[in-house]
Amino acid sequence: MQEALKTFKSILRKNNDHVTHARQRVFATLYGKGPQSMSELHKMLGCEINRTSIYRVVELFEQRGIVRRIQIGWKYKVELSEVFVAHHHHISCLSCGRVFAIKEDERIELLIAEIARKNHISHPVHQLEIQGYCRQCAGKLS
Ligand SMILES: [Zn+2]
Ligand SMILES: [Zn+2]
């Protein structure tokens, strides 16, 4: 956490953004956790920081590459970016909104690297999200 916090602060300072209490609290709340929805964030921080401020902080974090957005249907969750968390992918449920991290699969990474190479793309980055219905929700569908 200490290292991450240092990195976090240096990103803000590099961009002349102040390290405010609200920004530190949102960062600390996302740290070490999986993707969180805005209402989950609000539930955890609601008594300290109002909803509008949380939205504003998350928006700034997104612009600065501190968090990334995971789209689930028309909703989204946010989690800390790959600056702070090892590269990984998600599977999300379109019904209940649960998000599962996918265990690392070398084959996906190699394939994507190969596709980038073939298309003459250097320093490729990628996001891959799989969406569908989890076992519980699929059960309710039928
Ligand atoms: Zn589900
Ligand atoms: Zn990947």
Side-chain angles (χ1 to χ4, degrees), residues 1-20 22-46 48-142:
M1 177 80 196
Q2 278 316 313
E3 266 316 295
L5 203 58
K6 244 191 255 171
T7 308
F8 162 70
K9 288 179 182 173
S10 75
I11 293 173
L12 288 183
R13 291 206 183 103
K14 229 186 296 168
N15 290 284
N16 294 318
D17 300 320
H18 293 291
V19 182
T20 63
R23 289 169 186 169
Q24 287 193 76
R25 288 297 300 131
V26 172
F27 181 80
T29 303
L30 287 169
Y31 186 81
K33 293 199 189 72
Q36 306 293 317
S37 69
M38 293 309 285
S39 65
E40 283 165 337
L41 265 182
H42 185 244
K43 233 178 266 166
M44 290 185 276
L45 291 163
E48 294 177 62
I49 309 166
N50 68 49
R51 187 178 283 266
T52 316
S53 303
I54 297 174
Y55 270 92
R56 248 190 256 129
V57 169
V58 167
E59 198 185 323
L60 176 80
F61 282 8
E62 234 186 315
Q63 286 166 11
R64 301 291 182 248
I66 294 167
V67 303
R68 70 164 171 139
R69 190 185 280 243
I70 297 139
Q71 205 66 40
I72 307 160
W74 53 271
K75 294 184 194 154
Y76 66 92
K77 294 192 177 197
V78 292
E79 74 172 357
L80 292 182
S81 73
E82 285 174 15
V83 176
F84 304 99
V85 192
H87 178 75
H88 63 282
H89 299 283
H90 301 107
I91 292 188
S92 52
C93 176
L94 288 165
S95 176
C96 66
R98 276 197 292 176
V99 181
F100 311 89
I102 305 171
K103 281 209 194 88
E104 231 181 275
D105 192 327
E106 185 89 330
R107 289 170 302 174
I108 297 174
E109 302 308 318
L110 290 173
L111 179 62
I112 292 175
E114 191 190 318
I115 292 169
R117 205 161 43 237
K118 278 186 183 157
N119 289 282
H120 311 289
I121 296 297
S122 70
H123 305 87
V125 290
H126 66 266
Q127 287 193 19
L128 173 74
E129 310 294 343
I130 301 174
Q131 308 191 326
Y133 296 93
C134 74
R135 206 182 287 177
Q136 280 175 10
C137 295
K140 286 178 216 151
L141 287 177
S142 52

Quiz item: Is there a donor-acceptor pair closer than 3.5 Å between any side-chain N or O of Q36 and the backbone N or O of G34?
Solution: yes

Quiz item: Roughly how far, to the nearest 0.5 Å, is the NZ atom of K140 from the CZ atom of R135?
Solution: 14.0 Å

Exercise. Can you measure from CZ (R69) to NZ (K75) and round to the nearest 0.5 angstrom?
Key: 14.5 Å

Exercise. Considering non-hydrogen atoms only, spot the tightest contact between G97 and I72 and give its length.
Key: O-CD1, 4.0 Å

Self-check item: Side-chain donor or acceptor of N15 paired with backbone N/O of D17 under 3.5 Å
Solution: no

Quiz item: How close do S81 and G65 get, heavy atom to heavy atom, and via which atoms?
Solution: OG-O, 2.7 Å

Exercise. Indicate the atoms forming the closest heavy-atom contact of S92 with V99, along with that distance.
Key: CB-CG2, 4.0 Å

Quiz item: Stepwise, does the side chain to side chain contact (heavy atoms under 4.5 Å, CB included) test hold for L60 with L12?
Solution: CA-CA 10 Å; L60 176 80; L12 288 183; 4.1 Å; yes

Quiz item: Nearest heavy-atom pair of G73 and L94: which atoms, and what distance?
Solution: N-CD2, 3.5 Å

Quiz item: Going from CD1 on I54 to NZ on K43, what distance comes out if it is rounded to the nearest 0.5 angstrom?
Solution: 12.0 Å

Quiz item: Please walk me through it: do E3 and K6 pass salt bridge (charged side-chain N to carboxylate O under 4.0 Å, His left out)?
Solution: CA-CA 5 Å; E3 266 316 295; K6 244 191 255 171; 3.3 Å; yes

Exercise. Give a yes or no answer on whether the side chain of E62 reaches the backbone of I66 with a donor-acceptor pair at less than 3.5 Å.
Key: no

Exercise. Please indicate whether E82 has more than 12 foreign heavy atoms, meaning atoms of other residues, nucleotides or ligands, lying under 6.0 Å from its CD.
Key: yes

Quiz item: When you measure from the side chain of S95 to the backbone N and O of Y133, does any donor-acceptor pair fall under 3.5 Å?
Solution: no

Quiz item: Does H87 NE2 have over 12 foreign heavy atoms under 6.0 Å away?
Solution: yes

Practice problem: In plain terms, say whether R117 and E114 are close enough for a salt bridge, that is, a side-chain N and a carboxylate O under 4.0 Å apart. | Solution: no

Practice problem: Measure up the H89 and H126 rings against each other and bin them: parallel (under 30°), tilted (30 to 60°), perpendicular (over 60°). | Solution: parallel

Self-check item: Positive for ring pair (Phe, Tyr, Trp, His ring centres under 6.0 Å) with F84, one of F61, F27, F8
Solution: F27

Quiz item: When rounded to the nearest 0.5 angstrom, what distance separates CD1 in I49 from CE in M44?
Solution: 11.0 Å

Quiz prompt | Over 12 foreign heavy atoms within 6.0 Å of NZ, K33 | solution = yes

Quiz item: Any donor and acceptor pair, going by atom type alone, linking the side chain of N119 with main-chain N or O of I121 inside 3.5 Å?
Solution: no

Quiz item: Where is the tightest heavy-atom contact between V85 and L80, given as atom of each residue plus distance?
Solution: CG2-O, 3.6 Å

Quiz prompt | Verdict with reasoning, R107 to L110, per side chain to side chain contact (heavy atoms under 4.5 Å, CB included) | solution = CA-CA 5 Å; R107 289 170 302 174; L110 290 173; 5.9 Å; no

Quiz item: Should K77 and E129 count as an ion pair when the cut-off is N to O under 4.0 Å?
Solution: no

Self-check item: Rounded distance (nearest 0.5 Å) linking atom CD1 of I130 with atom NE2 of H90
Solution: 11.5 Å

Quiz item: How far apart are the C-alpha atoms of H18 and R23, what are their side-chain angles, what is the distance that settles it, and do they pass the side chain to side chain contact (heavy atoms under 4.5 Å, CB included) test?
Solution: CA-CA 9 Å; H18 293 291; R23 289 169 186 169; 4.1 Å; yes

Quiz prompt | Distance in Å, E40 CD paired with T29 OG1, rounded so as to fall on 0.5 Å steps | solution = 12.0 Å

Self-check item: Check: V67 and V26 side chains under 4.5 Å, non-hydrogen atoms
Solution: no

